[in-house]
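Inspection log for the structure reproduced underneath, given as structure tokens.
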Amino acid sequence: MTIDSPARPAVSPVIATRTERPRRRGIAVLPTAVLLLGAVYCLVPTLWILIASTKSRSELFSTATYLPSFGSGLIDNIADLSSYDSGVFWHWMFNSFLYAGVGGLVATAVSAATGYALAKYQFRGRTLLFKTILAGVLLPQVVLAVPQYLLLARVGSTDSYPAVILPQLFNPYGIYLCRIYAAASVPDSLLDAGRMDGASEWRMFSAIGLRLMAPGLITVFLLQFIVIWNNFLLPFVMVTSDDKFPLTVGLYSLLRHGANQASLYSLVITGTLLSVIPVIALFLSLQRYWRIDLVTGGLK
Amino acid sequence: MDNYSAVIHDAELWQSVLRMLLVGAITVPATVLLALLFALLLDTARARFTRFTRLAIFLPYAVPGVIATLLWGFLYLPATSPIGGRHIDFFGTSMVDVSVANIAVWGAVGFNMVVMYTSLRGLPPEIHEAARIDGASELQIALRVKVPLICPAIAMCTLFTVLAALQLFNEPNTLQPLSNAISLTWVPLMKIYTDAFVDSDIHLAAATSIVFAVGILAVSLLVGRLAQTRWGAAGAVAKEQR
């Protein structure tokens, strides 16, 4: 089911009737109030950063915190940030998109193929393989980061783009979701019919399987995109030169440099704002494709 | 093997494990209960602005942990704090656990809320109607009917939150330059990182990772098992009723 209720494409009639359940008259004041309180709690930090980024360095510490400044603060801040270390910030932004975009796409393809194979073919050791993959979900990142670093150091490719992308191509959780989704959405009878008509196994995966799995794959891609975009540890460990940092590591290093220099605060604040905007935009524009019910494995 | 015995006798590590458990003891119940509360409220027929609040509460999920920590870091920092950082020392030894936990909760509530809300929407409406005809109030329906029915979803959220709590790293690591109360070995993962990449003792770090991974595996199996025995029955009932 999507987060966005008015535009829900494929839901069962059971749920649809539920939405249309006549609302009783009047507003439940307490629930509404509590919900609004929750919304405020979640929005305040973002709002504050929005306001703070409009202030110049001196205003940041002197003016009332919740009042935005209508001077040229924001533009100056962005200009300052762009010129910081000869525009390295935009490099970070580009890198984040590169890591998350490429990583997300390839990881989704890998998950789709693996999930499809696990769901649709009977072979020896299938359950064992699936369980091994599932166990991967439980392994903490840091535990993996150390051997991954050593491995890539051995082949001499740390501090490069592949060093960040390669370890994220295999996503156990995505495989798990794809397996469930392939089992539910690709009927065996359709595949048998395809086989009768002489379609190759590859053709059946690419023409039938992928098409039927598409809605689920979008969710897997978005989840993976966000995971990589938000990932801090792996690039933090792998990459040492600042022109290969993604935003998370870049802003962290900026804060590190600026911890005792209050003048860098407004740069970090503006950078934080700019880095939140693309994900939120992506998120809001694609929200109708989110199928969170996939996450619980509960398919109708 | 020397590395392993060094790990077990490392007082700093045990301190960091304790710290992690302490923070987890705040984040896990807070996240799950808040998410459940919001999900149930969203599902209340007469609540208003639900579309807006649902999105607003979900939004922090899209904000990277490090960025979230930067956001909150500035809210905590005495010089810039709009929430009374001049009077409350958010980075003091007593408050810092709560400060870190708050960031983790802020980021996680929305996702868990949506998972629970989704499974609430999946319940057949007849259950609700039947309970109402039997004279149950909205509150009673929520606590006695809906909560037991979505137990599987709650169990899964709890497992995810526990796992996330065990892997606490981004928040304290990012706050570290801002606060004196956070050492370089504040939680186990920071300890592993410091050993491996600051002190260049990669073997000790590897040994610690293994011990830690085994610990996590044990905990998650335990939680999974508990969830199955405690809530498995409720889940089965829910399935039968459909």
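To find a chain, count down the sequence lines: A is the first, B the second, and so on, and within it residues start at 1. Reckoned from all heavy atoms, side chains included, excluding hydrogens, waters and symmetry mates. Because the structure is predicted, anything quoted here is derived from the model rather than measured.
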Checklist entry - How many angstroms lie between CG in A/L47 and CG in B/L71, if you round to the nearest 0.5 Å? => result 11.0 Å
Item to check | B/L59 side chain near A/T46 side chain, heavy-atom distance below 4.5 Å | outcome: no
Check: residues 100-110 of chain B side-chain donor-acceptor pairs under 3.5 Å, at least two apart:
residue: B/N102; atom: OD1; partner: A/Y41; partner atom: OH; Å: 2.7
residue: B/N102; atom: ND2; partner: B/Y76; partner atom: OH; Å: 2.9
residue: B/W106; atom: NE1; partner: A/Y41; partner atom: O; Å: 3.2
residue: B/W106; atom: NE1; partner: A/C42; partner atom: O; Å: 3.3

Item to check | Heavy atoms of other groups near A/Y149 OH, more than 12 under 6.0 Å | outcome: no
Next on the checklist: If I measure from the heavy atoms of chain B, does A/S275 come under 4.5 Å with its side chain, its backbone, both, or neither?
Outcome noted: side chain
Item to check | Separation between CG of B/N173 and OH of A/Y252, rounded to the nearest 0.5 Å | outcome: 4.0 Å
Item to check | Segment of B/L37 engaging chain A (4.5 angstrom heavy-atom cut-off) | outcome: side chain
Next on the checklist: For chain B, which candidate among A/V276, A/V249, A/L247, A/V237 shows the most heavy-atom pairs at distances under 4.5 Å?
Outcome noted: A/V237
Checklist entry - Just how far is it from atom CG of B/L41 to atom CG of A/L30, taken to the nearest 0.5 Å? => result 7.5 Å
Checklist outcome for this item: CG (A/L36) and CZ (B/F52) are apart, to the nearest 0.5 Å, by 7.0 Å
Item to check | Contact winner vs chain B - A/P45, A/G38, A/A39, heavy-atom pairs under 4.5 Å | outcome: A/P45
Checklist outcome for this item: Looking only at heavy atoms, the pair that brings B/F169 and A/L233 closest together is CE2-CD1, 3.0 Å
Checklist entry - Looking at residues at least two apart in the chain, or sitting in another chain, which of them share a ring-ring contact (aromatic ring centres under 6.0 Å, His included) with A/Y99? => result A/Y161
Checklist entry - What part of B/L70 is in contact with chain A, defined as an atom under 4.5 angstrom from a non-hydrogen atom: side chain, backbone, both or neither? => result side chain
